[in-house]
Amino acid sequence: MAPPRNVVKIAVQMPDAIPQLIQLDQAKPLAAVLKEVCDAWSLVHAESYALQFADGHRRYITENDLEAERLLGGLQSGSRERRRETLQHLVSLAPDVTFAQEVISRDGLQKLGTIIEDGDDLGEVLTLALRAFLELMEHGMVSWETLSIPFVRKVVCYVNMNLMDAWVQPLALRLLESVTLSSPALGQLVKSEVPLDRLLVHLQVMNQQLQTKAMALLTALLQGASPTERKHMLDYLWQRNLRQFIYKNIIHSAAPLGDEMAHHLYVLQALTLGLLEPRMRTPLDPYSQEQREQLQALRQAAFESEGESLGTGLSADRRRSLCAREFRKLGFSNSNPAQDLERVPPGLLALDNMLYFSRHAPSAYSRVSNRVGGIWQGPCGLSCAPHPILFFYLPPPPQFVLENSSREDKHECPFARSSIQLTVLLCELLRVGEPCSETAQDFSPMFFGQDQSFHELFCVSIQLLNKTWKEMRATQEDFDKVMQVVREQLARTLALKPSSLELFRTKVNALPYGEVLRLRQTERLHQEGTLAPPILELREKLKPELMGLIRQQRLLRLCEGTLFRKISSRRRQDKLWFCCLSPNHKVLQYGDVEEGASPPTLESLPEQLPVADIKALLTGKDCPHVREKGSGKQNKDLYELAFSVSYDHGEAEAYLNFIAPSKREFHLWTDGLSALLGSPMGSEQTRLDLEQLLTMETKLRLLELENVPIPEQPPPIPPPPTNFNFCYDCSIAEP
C-alpha cells in the first residue's frame with residue numbers, strides 16, 4: 001500500500017551520531033517530529049534544537065536552535081581566532097531569515113555593533129563584522145533609524161581614514177548609504193561628517209568596488225538633500241571636475257561598467273537634470289525687470305542693435321508697435337511674449353534655452369530665428385523708400401537673407417514657438433522632474449561629456465528642427481507634424497546612447513525626414529497584415545499550432561534560467577540569485593550566486609519548489625514584495641517588473657518573489673509560469689511573437705503552389721505581329 005502523500009522519508013544526521021531514516025508526516029507539528037528525533041538519540045530539551053538542510057545553503061526549518069546562541073557566545077570570546085571563525089560562520093548563515101530572526105532576538109546586532117564600534121581589529125575581523133551586520137539588517141526586521149549616533153560616527157571614521165583594509169571601506173560606505181536612504185536625521189549626520197572631497201578621493205581609486213560604493217553614497221546624499229543643497233553640492237562637484245573624471249575614467253574605462261555603477265550614473269544624471277525643474281515650472285513674470293531685459297536681449301540679438309539706435313526718434317507708441325512686430329517676427333504667437341511663456345512646462349526654461357542659443361551660437365541663431373521675411377525693412381516695419389526721413393543703409397543680416405529672403409511668411413519656421421515646444425519635448429524625452437527609478441540604468445554618456453548638456457542639446461535640436469522644416473516644405477499649419485518627426489528623430493538617436501554631443505549631432509543629422517519616412521514604412525509593413533477573409537481564416541487555423549510553439553519556447557527559456565537581482569524595501573541590492581525550471585518541468589530550482597560568476601548548474605542550486613505546489617501567479621502591485629512600497633512614481637518600474645508565485649508552506653502561504661532584469665524577461669517568465677499553471681499566456685510579448693509568426697507563416701503558405709502543374713518546357717513564343725506601327729500620329733486629321 002502506497003504511503004499517504006503528506007508522508008515523506010528523510011534522513012536526519014548529527015555529528016558523532018548514527019543517521020536516522022524517518023518518515024516525516026508533513027501534517028504533524030514539527031515540534032513533535034523534533035521530539036521523536038531527539039528521543040532516538042537520547043537528547044533532552046528538544047525545543048532547543050532545529051532541523052537544517054544538509055546540502056546547499058543550509059537553511060533552518062525551525063525557529064528555535066542552539067546554533068545562534070553558540071555563535072553569539074563566540075562573539076564575546078577573548079580569542080581573536082575564535083571570534084574570526086565565529087564571524088565567518090555567522091556571515092554564511094545570516095542570509096537565512098529564520099536564523100537571522102533568532103540572532104536579532106538574542107541581541108546579535110548589538111553585539112556586532114560593539115565589535116564595530118570598538119575597532120580593535122581593523123582587518124578581517126572588522127570586515128566580517130560589517131558584513132554580518134549588513135546581512136542581518138537587509139532582512140528588514142530592524143529599522144536603520146534605530147542605529148545610534150556613536151555607531152554611525154564610528155563607521156564614518158572608517159570611511160574617512162586614509163589607510164584602511166581594502167574590504168572595510170566598501171562595506172562602511174554601503175552601510176552609510178542604507179542609513180542615508182532610510183533615516184533623514186542620520187542622513188544629515190552622514191552628510192555633515194563625510195566631506196564631498198573624501199568621496200571624490202574614493203571615486204578616484206583603482207578599486208572598482210570602492211568606486212561603486214562611493215558613488216552609491218554620493219547619490220544617496222544628493223537624493224536626501226533639499227533642492228538648494230543639491231544644487232550647491234552638484235556645483236561644487238562639477239567645479240572639482242567630477243564630470244570629466246566620470247566621463248574619462250569610469251564610462252570609458254577599460255573595465256566593464258557594472259550594473260550598480262550604471263544605476264548610480266543614471267541617478268546622478270536624473271538629479272542633475274532635475275535642477276532644471278524649478279525653471280521649467282515657473283512662468284514668466286511680466287513685472288520682473290530681469291526677465292523683461294532678457295526678452296529684449298533676445299530680440300536685439302535677432303534684430304541688429306543698430307536698428308534700435310536709429311529708432312530713438314520714434315514716439316513711444318511707434319516704438320511699442322515696432323517691438324510687438326519684431327516679437328511676432330521672432331516667432332512668438334502674441335505681440336506680448338509673456339503670454340507665450342506663461343505655459344508650464346516649459347516656463348522660463350524655454351527662455352533660458354533661447355538666450356543660450358543666441359549667445360553661444362550667434363551665427364546659427366541668425367540662420368534659425370526668423371527676424372524678417374521678404375525684403376529688408378526699416379525699424380518701423382515698412383519699406384524704407386517711401387519714408388526718406390528714415391532712409392538709411394544697413395548691411396543685411398548675415399546668412400539669414402540667404403535662407404529666408406526667398407521664403408513666404410507662411411513657410412517661415414517660427415523660432416520662438418518652435419523653441420517653446422522643443423523645450424517641452426526634450427523635458428519629456430529626458431524625464432526632467434520625474435523621480436529617480438530604483439532599478440533603471442539608462443544614462444546617456446554624452447551628458448557627462450559636456451558642460452551645460454541640456455542647453456547644448458537644445459542648440460543641436462533647434463537646428464535639426466529648422467532643417468527638418470525645410471525638408472518637409474512645411475507651412476505654419478504643418479507645425480505639429482514637424483514636431484512629431486523631430487520627436488522621432490531625437491528619440492531614435494537618444495536610444496543609440498551616443499557617447500558625445502558631436503556623435504549625437506552626426507547621428508541625428510544622418511536621420512533626415514526621408515529616412516524617417518522609410519523607417520516608418522518598413523515598420524508599418526512588418527506590423528500590418530492583410531484583412532481578406534480567406535487570409536483571416538487561415539490565420540485563425542494557424543494560431544493553435546503557433547501558440548504551442550511559443551509555449552515550448554517559453555518553457556525552454558525557463559529551463560535555461562535567469563539571474564535576478566534582489567531589491568530590498570529601501571535600497572538597491574548588489575546581490576544576485578538564479579532560478580530555472582528542471583528539464584522535466586516539475587521543479588523550480590533556485591539559489592544565491594556571486595556577481596560575475598558563471599550561471600550555476602542545476603545540481604548546485606540548493607532550493608526547490610515543486611510546480612505542483614504553486615497556487616497562483618501574481619504580478620505588479622499584487623506582489624507582496626512591492627505592495628508595501630507605496631504607490632509613488634518612483635516605484636512604477638518595480639510594479640512593471642515584479643511578479644511572484646504563491647505556494648503552500650506547511651499551514652501558511654509563502655511566496656517566491658522576483659524582480660525581472662528587463663521587461664522582456666518579465667514577459668518570458670510570466671508566460672512560462674502561466675503555461676505551467678495551465679493559464680493563458682496573455683503578455684504583450686506573446687502577442688507580438690504570435691503576430692510575427694502568423695505573418696511569416698501566412699506568407700509562406702501563400703507562396704505554396706499546390707496542385708498547379710508547372711511544365712518542364714517553356715511555352716512557345718507567339719508569332720510576330722503583321723506590322724510594328726504602334727505609335728499614333730496625332731498630326732493626321734480624322735475625317
Side-chain angles (χ1 to χ4, degrees), residues 1-79 81-109 111-112 128 132 135-136 139 141 587 589-592 602-610 612-613 647-654:
M1 182 178 177
R5 290 188 59 184
N6 60 339
V7 176
V8 295
K9 290 186 177 182
I10 63 170
V12 183
Q13 61 183 10
M14 187 177 70
D16 303 326
I18 300 175
Q20 301 181 41
L21 182 63
I22 67 171
Q23 287 190 340
L24 177 63
D25 186 354
Q26 299 180 56
K28 196 174 184 180
L30 201 52
V33 176
L34 280 171
K35 180 71 167 58
E36 294 175 1
V37 172
C38 290
D39 289 344
W41 280 320
S42 301
L43 297 174
V44 295
H45 304 298
E47 67 277 2
S48 299
Y49 289 87
L51 292 178
Q52 181 190 51
F53 289 104
D55 299 326
H57 203 278
R58 296 182 175 270
R59 294 183 182 273
Y60 285 95
I61 301 174
T62 58
E63 298 180 356
N64 299 322
D65 59 86
L66 293 176
E67 185 70 7
E69 191 70 34
R70 186 183 67 83
L71 289 177
L72 293 178
L75 292 180
Q76 299 174 328
S77 172
S79 169
E81 184 61 25
R82 186 185 173 191
R83 279 199 300 171
R84 186 185 65 81
E85 292 177 355
T86 301
L87 286 169
Q88 283 180 335
H89 197 189
L90 184 59
V91 168
S92 66
L93 295 176
D96 181 83
V97 178
T98 304
F99 178 80
Q101 189 174 1
E102 287 298 315
V103 172
I104 292 173
S105 66
R106 290 175 167 83
D107 295 332
L109 284 173
K111 294 174 182 177
L112 287 170
L128 292 170
E135 291 286 355
L136 293 173
H139 291 292
M141 301 175 188
V587 176
Q589 297 192 241
Y590 57 96
D592 295 342
L602 200 65
E603 296 76 15
S604 62
L605 295 174
E607 307 293 344
Q608 293 186 352
L609 173 59
D613 291 349
Y647 61 95
D648 290 326
H649 184 68
E651 298 181 357
E653 186 177 20

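Just so it is clear, the model here is predicted, and its values are computed rather than measured.
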Donor-acceptor contact present, side-chain W41 to main-chain P19, <3.5 Å: no
Under 3.5 Å donor-acceptor, Q20 side chain and V37 backbone: yes
Steps toward side-chain contact (heavy atoms from CB on, under 4.5 Å) verdict (L75, T86): CA-CA 6 Å; L75 292 180; T86 301; 3.9 Å; yes
Heavy-atom neighbours of L21 CG exceed 12 at 6.0 Å: yes
More than 12 heavy atoms from other groups under 6.0 Å of CD on Q13: no
Which atom pair, heavy atoms only, marks the closest approach of [X] to [Y]?
{"X": "H139", "Y": "A100", "answer": "CD2-CB, 3.4 Å"}
{"X": "A132", "Y": "L90", "answer": "CB-CD2, 4.0 Å"}
{"X": "P95", "Y": "S92", "answer": "CD-O, 3.6 Å"}

Salt bridge (charged side-chain N to carboxylate O under 4.0 Å, His left out) between R82 and E85, intermediate numbers included: CA-CA 5 Å; R82 186 185 173 191; E85 292 177 355; over 6 Å; no
Stepwise side-chain contact (heavy atoms from CB on, under 4.5 Å) test for K111 and L72: CA-CA 8 Å; K111 294 174 182 177; L72 293 178; 4.0 Å; yes
Enter the distance from [X]:[atom1] to [Y]:[atom2] here, rounded to the nearest 0.5 Å.
{"X": "L602", "Y": "Q589", "atom1": "CG", "atom2": "CD", "answer": "4.0 Å"}
{"X": "R84", "Y": "H89", "atom1": "CZ", "atom2": "NE2", "answer": "13.5 Å"}
{"X": "F99", "Y": "E135", "atom1": "CZ", "atom2": "CD", "answer": "12.0 Å"}
{"X": "L71", "Y": "E102", "atom1": "CG", "atom2": "CD", "answer": "12.0 Å"}

L43 and M14: CA distance, side-chain angles, deciding distance, side-chain contact (heavy atoms from CB on, under 4.5 Å) verdict: CA-CA 11 Å; L43 297 174; M14 187 177 70; 3.7 Å; yes
Member of D107, L136, V103 meeting the side-chain contact (heavy atoms from CB on, under 4.5 Å) criterion with L112: L136
Heavy-atom side-chain proximity of V97 to M141 below 4.5 angstrom: yes
